[in-house]
Amino acid sequence: MEEKRRCFSLSRNKFLQHWCVILFISSLAILPLTQSFNYGKALSKSLLYFESQRSGRLPYNQRVTWRHHSGLTDGLEQGVTPPFQPYTYNIFTKSFIYIVMFDICTSNLYEQVDLVGGYYDAGDNVKFGLPMAFTITMLSWGVIEYGDEISSAGEYTHALEAIKWGTDYFIKAHTHPNVLWVEVGDGDTDHYCWQRPEDMTTSRQAYKVDEKNPGSDVAGETAAAMAAASIVFRKTNPHYSHLLLQHAEQLFEFGDKFRGKYDESVRVVKGYYPSVSGFKDELLWAALWLYKATDKEDYLSYALEKANEFGGITWAITEFSWDVKFPALQIIASMLLTEENQREMGFKLVFEQYRSKAEYYLCACLNKNNGSNVNRTPAGLLYIRQWNNMQYVSNAAFLLTVYSDYLRASNQRLRCDRGKVGPEEVLLFARSQTDYILGANPMGMSYLVGYGSRYPQRMHHRGASIESYRENKGFIGCTQGYDYWYRRNDPNPNVVVGALVGGPDHMDRFSDDRKNFMQTEACTYNTASLVGVLAKLHGVEEEDGYLNTPLLASS
């Protein structure tokens, strides 16, 4: 499906190149002065995106009307359907209810699992547990930090709905204290077809991790998601919050007791969401979120005592993603660095080491390290790699935003090799990345679909690129989708509002081509981190506008 295309060629005339560079830099200098963005409007659109990605039976208040019910039999492909009417037993284990089907002819047991719901991760129709959990963790973190700002934008209910759509699914997927269903469908068969989720005929086989087939990384991330979400729902729905916390604690215990990488147990995921960083970062990450949710010292002790063994204070990383959690957990740990914690835990040095690694990441984003810094495009966009680079941008912007608040509240400055940086400068850089996303870039393109007057029209997305089920309820087959819809040059008939696409290349170039999935495909975790940043910028804009200072990206 990949098609490489050059967007433009550079002149070989060095004289013209020289003047182009001068004019280009001059244009960067005036961009912040001439462009302003409605962060509240962008926030509203970003939360709408998650309704486009819903799997399952859609609710009565579904706002994205070009989508319809899908994946209504997810979970039913497990085992072999017994030829005779089975005896059914309900088995209760704490908050878990699941059904075991017994075939009296063959004496075999079959699990009947309800895995309807959750989110499709991107432009395909597979439900991948690890990135879905990370999506919910980041959405929840954004609401925890910026709930007031989200409320002032009139989006608090929508934010909670987006989180709950994911956590409701995780409750279903966690069918036993030591069993978690982590994938429905598989990328290989799914990518053979180009179909709307409402029509999909591809495999809906589900995959799980358990005691014999461990998955500490996905268990840890799901525990983190449910712990973070429990904080979100603590006041509005305390019973639900308690249920989420119960699942989170059990999942953490399961992941810690039966250690292993989930992609070794569920091998079909290796080509799509492999756990390259391993599971130790997720266990530290989960422990910190459980500490924040429960205030139990055991979880904090775990994160401190395992800090060296699990890499929390040894890994200096310049990327944060659905796979690599080290920078974020280091930031959370460093923000716990208080006199009270130092005195009670006796781990002052460990806290300081966590902070040192957190600052390394933040300073790398700001180009303030003497050693390794995050690369940038000529226009100043953080650039990690060519495939879906915007996920790293939105994640970095979120961490910078959260830490700028911490610095401001604690009256501190970020300590970098090239000098100390104040909270305002940190937040201004996060804003510069957000503004680039919204259109302050050489292409004049908003990479948040549906925002602004110019945004990607040919997003790599099955449902968006095919006539909606609402308009045409006729079945569209596997190859029919490729023949009549995927290869069309026309814009997509449906707009996935709020989707943050992969974005430009290392030279700020972007090709709006459905086949160019590295740049035009969006993922739930791209937008999830952006929600919090947009909420913060919306709040600042409403309050005192101290971000009105023009700023070039830190050099």
Side-chain angles (χ1 to χ4, degrees), residues 37-55 63-64 67 118-124 127-128 130-143 145-146 149-150 153 155-156 158-166 225 228-229 320-322 328 381-382 387-399 401-402 430 433-439 445-452 455-456 459-461 463-464 494-504 517 519-538:
F37 299 99
N38 187 330
Y39 300 117
K41 187 176 182 179
L43 171 63
S44 298
K45 291 180 181 295
S46 68
L47 285 167
L48 185 61
Y49 164 62
F50 296 96
E51 297 189 22
S52 298
Q53 297 302 111
R54 284 173 170 171
S55 179
R63 295 177 294 163
V64 179
R67 282 296 321 283
Y119 289 109
Y120 302 117
D121 73 302
D124 50 30
K127 295 190 295 197
F128 293 102
L130 181 57
M132 191 193 306
F134 179 66
T135 295
I136 300 305
T137 306
M138 296 308 296
L139 273 175
S140 299
W141 194 359
V143 173
E145 298 289 343
Y146 305 113
E149 291 85 348
I150 293 172
E155 294 295 333
Y156 194 76
H158 293 142
L160 265 58
E161 287 174 349
I163 294 168
K164 194 171 186 292
W165 194 267
F320 169 47
S321 68
W322 57 264
L381 183 72
L382 295 173
W387 195 318
N388 189 20
N389 182 64
M390 279 301 187
Q391 65 173 306
Y392 308 107
V393 177
S394 62
N395 288 341
F398 180 83
L399 293 185
T401 300
V402 168
Q433 298 300 292
T434 308
D435 287 354
Y436 186 109
I437 289 171
L438 297 180
M445 172 80 71
S446 168
Y447 294 108
L448 189 72
V449 175
Y451 179 87
Y455 51 81
M459 184 177 160
H460 182 93
H461 190 284
N494 309 303
V495 179
V496 189
V497 175
L500 177 57
V501 298
F517 52 88
Q519 292 188 324
T520 63
E521 189 168 22
C523 301
T524 56
Y525 43 88
N526 295 18
T527 299
S529 299
L530 190 62
V531 166
V533 182
L534 292 170
K536 170 65 178 182
L537 295 176
H538 167 70

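Start at 1 with the first residue, then count along the sequence.
What you find for Pro456 and Ser446 is that their closest heavy atoms are CD-O, 3.1 Å. Taking both residues in full, the closest heavy atoms of Ala430 and Thr401 are given as CB-OG1, 3.4 Å, listed atom of the first, atom of the second, then distance. Between Gly166 and Ile136, the closest heavy-atom pair is CA-CD1, 3.8 Å. Taking both residues in full, the closest heavy atoms of Tyr120 and Ser55 are given as OH-OG, 3.0 Å, listed atom of the first, atom of the second, then distance. Glu155 and Ser44 get closest at one heavy-atom pair: OE2-OG, 2.8 Å. The two residues Pro131 and Thr524 come nearest to each other via the heavy atoms O-OG1, 4.5 Å.
A ring-centre distance under 6.0 Å is not found for Tyr119 and Tyr525.
Put simply, the side chain of Val497 does not reach to within 4.5 Å of the side chain of Val449, judged on heavy atoms. Between Phe37 and Thr434 there is no side-chain heavy-atom pair separated by less than 4.5 Å. For the pair Trp141/Met138, a side-chain contact is recorded, criterion being any heavy-atom separation below 4.5 Å from C-beta on. Side-chain atoms of Gln433 and Leu381, non-hydrogen and from C-beta on, do get closer than 4.5 Å to each other. Within the 4.5 Å cutoff, no side-chain heavy atoms of Tyr39 are placed close to those of Glu149. Val495 places a side-chain heavy atom less than 4.5 Å from the side chain of Tyr455. Side-chain contact between Asn38 and Tyr451 is present, with heavy atoms from C-beta onward closer than 4.5 Å. Residues Leu530 and Leu448 form a side-chain contact, since some pair of their non-hydrogen atoms from C-beta on lies under 4.5 Å apart.
Within the model, atoms CZ of Phe134 and OG of Ser321 stand 6.5 Å from one another, a figure rounded to the nearest 0.5 Å. Rounding to the nearest 0.5 Å places OG1 of Thr520 at 10.5 Å from CG of Asn388. Taken to the nearest 0.5 Å, the CG atom of Leu43 stands 11.5 Å off from the OG1 atom of Thr527. Between Lys127 atom NZ and Gln53 atom CD the span is 12.5 Å, to the nearest 0.5 Å. Atoms CD and NE2, on Glu51 and His158 in that order, are 6.5 Å from each other to the nearest 0.5 Å. Between Asn389 atom CG and Tyr447 atom OH the span is 11.0 Å, to the nearest 0.5 Å.
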Determine, step by step, whether Phe50 and Thr135 satisfy the side-chain contact (heavy atoms from CB on, under 4.5 Å) criterion, reporting the C-alpha distance in whole Å, the side-chain angles of both residues, the deciding distance to 0.1 Å, and the verdict. CA-CA 10 Å; Phe50 296 96; Thr135 295; 3.8 Å; yes
Report the C-alpha distance between Asn526 and Ser394 in whole Å, list the side-chain angles of each, state the deciding distance to 0.1 Å, and finish with yes or no for side-chain hydrogen bond (donor to acceptor under 3.5 Å, both in side chains). CA-CA 6 Å; Asn526 295 18; Ser394 62; 5.7 Å; no
